[in-house]
Amino acid sequence: MNDASGPMNDAPRTGGDHPAATAPAATAPAATAPAGVVPAKRWVYVIPVAAIMYMLAYLDRNNVSVVLPYMHGDLDLSNADKGLAGGIFFLGYVFLQIPAAVLAQRWSARKTVLILMVAWGLSAALSGLVQSRTQFYAARFVLGFFEGGVWPAVLILLASWFPLRERARANALWMACLPLSSVLMAPLSGWMLDHTSWRWVLVLQGVPPLLWAAVWWFAVADRPAEARWISRAEAGHLAREIAADEAAKPAAGGGSYLAAVRQRSVLVLIGVYFFWITGFYGFSLWLPAVIKELTHDGSATEVGLLTAVPFTVALVVMIANAAWSDRTGRRRQAVAVPLVVGIVALLLGQVVDGALPRMLLLCLTAAAVYAPYGPFWAIPGQLLRFEVVAVAMGLINALGNLGGFAGPYLVGWLTDATGSSLTGFAVLAGFLAVAVVLAALGLRPGPARPGDGSPDIPVPAANAVPSKGS
């Protein structure tokens with residue numbers, strides 16, 4: 001962080017680059033929607049294009065979990081090696097988090113994502129051409145390097161399109177691409193493995209991002225004022241809502257990046273995300289291997305189809321939890337309670353017998369570890385102003401996703417060391433437990449924007465906005 005501390009001391013001026021800056025002009029009568037009508041075209045244009053884009057990214061990240069059990073010793077990988085191959089992606093994932101977030105905020109989220117999309121598509125395709133274990137590790141690292149900047153860049157994009165009262169739902173609908181990608185692509189990957197080599201699976205699945213880049217370029221705009229398809233009424237509505245959100249946020253050290261990321265709540269969010277993501281990816285990347293064991297070494301197509309079932313349950317629960325969080329404003333509970341359920345299900349899955357009970361517990365665990373996504377990523381936008389939230393989101397995602405390296409590797413290493421997955425998954429449950437404690441005790445509720453129905457926004461006590469009567 002030392003190298004980044006210089007530019008972090010002075011946050012850029014937003015000027016006319018963000019809807020909040022242009023709110024006064026949007027209050028003209030011509031830009032006002034009819035009473036009681038909230039224009040909603042943004043939900044149809046922005047979310048689906050972004051979701052498909054990230055679905056392809058998640059496919060190229062996670063297809064290795066389906067491929068690894070069927071590599072048949074090509075690269076001579078032990079369980080620890082397989083865990084490292086799954087996890088080393090996240091070491092590369094760290095590097096572009098903050099730079100891409102700042103580029104998205106200062107320059108263009110649309111252009112930043114386009115460049116990264118082309119780069120990760122090429123990297124994914126080339127990973128099918130490796131000839132050694134070391135080359136495979138390197139290919140996974142490079143893929144993570146280019147994918148790393150996409151997540152924070154899209155979160156910045158969504159912050160320009162969806163007010164806080166809609167943010168958890170918008171986040172969850174976009175992030176629904178994570179389980180949806182597994183629902184659709186795990187069976188596809190399994191079917192491809194039954195008809196071609198694992199190398200061709202990786203090569204062919206790197207092509208779609210290169211094609212979708214053209215759709216992204218023509219369909220997405222950085223902000224409502226630049227979109228051709230949006231009405232003046234909807235643009236005006238968004239400008240007023242986002243301006244009101246920004247005005248209600250507490251100042252963070254005069255608007256400096258460094259002061260913002262030093263906030264206690266931001267540091268707690270990093271901790272929550274790290275321990276949660278350790279459990280999340282430790283479970284997700286080993287799920288196909290567990291299901292292969294349940295099917296007594298079933299075919300790749302069978303394993304792929306069954307792998308889609310827990311992710312289908314996760315998709316439904318993820319969206320429902322986000323809607324509940326937006327309706328009640330209870331962000332902490334929407335993060336902590338599902339993780340408690342996940343801990344119980346993860347541990348029970350290691351001690352019960354029978355394929356059906358274990359499959360049901362896998363579904364429950366998947367739902368539990370996916371459910372917090374929407375509410376969790378709504379929290380930074382409630383803590384920080386737009387001009388500094390980019391760096392905070394990048395830092396949370398960068399350091400938190402190091403858990404994506406720790407989780408898969410720990411499970412693989414402990415499985416080799418003990419001859420059983422029980423110890424590895426028990427350790428993952430311990431990581432999730434730490435995330436629960438940090439979320440429940442480390443994030444204190446604070447004041448909400450009047451009329452927002454959000455009593456559980458975790459604003460640090462020192463930075464809370466005083467009430468008029470205080």
Side-chain angles (χ1 to χ4, degrees), residues 47-48 50-70 86 89 147 151 171-193 201 205 208 276-295 298-323 338-339 341-343 345-346 349 355-377 401 403-404 407-408 411 421 425 428 432:
I47 296 294
I52 292 174
M53 177 276 299
Y54 208 77
M55 186 187 302
L56 298 175
Y58 202 66
L59 164 67
D60 288 332
R61 174 189 316 183
N62 273 17
N63 56 10
V64 69
S65 66
V66 179
V67 165
L68 282 172
Y70 295 93
F89 170 97
E147 275 196 30
W151 184 272
N171 287 347
L173 285 173
W174 168 54
M175 296 171 191
C177 64
L178 304 184
L180 185 59
S181 176
S182 297
V183 169
L184 299 176
M185 301 307 179
L188 175 63
S189 297
W191 178 83
M192 291 175 70
L193 281 168
V201 172
Q205 291 184 355
W276 163 30
I277 291 300
T278 299
F280 175 90
Y281 277 112
F283 168 79
S284 298
L285 288 175
W286 282 98
L287 178 60
V290 173
I291 291 179
K292 185 184 179 188
E293 177 189 339
L294 290 181
T295 61
S299 69
T301 299
E302 182 183 5
V303 171
L305 287 170
L306 289 175
T307 298
V309 175
F311 293 117
T312 303
V313 177
L315 174 64
V316 175
V317 174
M318 181 179 175
I319 294 174
N321 188 51
L339 294 183
V341 175
I343 293 167
L346 196 59
L356 181 59
R358 290 185 69 186
M359 188 66 183
L360 291 174
L361 288 168
L362 289 175
C363 290
L364 190 57
T365 304
V369 297
Y370 272 95
Y373 261 109
F376 179 87
W377 284 108
N401 266 295
V411 173
S421 62
F425 282 105
L428 295 184
L432 292 177

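Scanning all heavy atoms of the two residues, the minimum distance from P187 to L305 falls at CB-CD2, 3.6 Å. When all heavy atoms of L193 and V66 are compared, the closest pair comes out as CD1-O, 3.7 Å. Shortest non-hydrogen contact noted between F283 and L346 is CD1-CD1, 4.0 Å. When all heavy atoms of Y370 and M318 are compared, the pair lying nearest together is O-CG, 3.6 Å. The minimum heavy-atom distance between V303 and K292, with the atom names listed, is CG2-CA, 3.8 Å. Closest approach of I319 and A176 over heavy atoms only: CD1-CB, 4.2 Å.
The CE atom of M185 sits 6.0 Å away from atom CG of L56, with the distance rounded to the nearest 0.5 Å. Atom OG of S181 is separated from atom CZ of F311 by 9.0 Å, given to the nearest 0.5 angstrom. The CG atom of L294 lies 6.5 Å from the CG atom of L362; values are rounded to the nearest 0.5 Å. Of the inter-residue distances, the one linking I47 atom CD1 with C177 atom SG reads 10.0 Å to the nearest 0.5 angstrom. Note that CG of N401 is 9.5 Å distant from CZ of F280, once rounded to the nearest 0.5 Å. Here L184 contributes atom CG and S189 contributes atom OG; the two are 10.5 Å apart, rounded to the nearest 0.5 Å.
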Working note: S182 + T307, criterion side chain to side chain contact (heavy atoms under 4.5 Å, CB included); need CA distance, chi angles, decisive distance, verdict.
CA-CA 8 Å; S182 297; T307 298; 5.7 Å; no
Before giving the answer on ring pair (Phe, Tyr, Trp, His ring centres under 6.0 Å), spell out for Y281 and F89 the whole-Å C-alpha distance, their side-chain angles and the decisive distance to 0.1 Å.
CA-CA 11 Å; Y281 277 112; F89 170 97; 7.9 Å; no
Ring pair (Phe, Tyr, Trp, His ring centres under 6.0 Å) between W276 and F376, worked out
CA-CA 11 Å; W276 163 30; F376 179 87; 5.5 Å; yes
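Side-chain contact between L364 and L360 is absent, with no heavy-atom pair separated by less than 4.5 Å. Between T365 and P310, every side-chain heavy-atom pair lies at or beyond the 4.5 Å cut-off. L287 is not listed as a side-chain neighbour of S65, based on a closest heavy-atom distance of 4.5 Å or more. Between I291 and M359, the closest side-chain pair of non-hydrogen atoms falls below 4.5 Å.
Between W151 and W174, the two ring planes are tilted [angle within 30° to 60°].
Not counting sequence neighbours, the partners of D60 by the side chain to side chain donor-acceptor pair (under 3.5 Å) test are W120.
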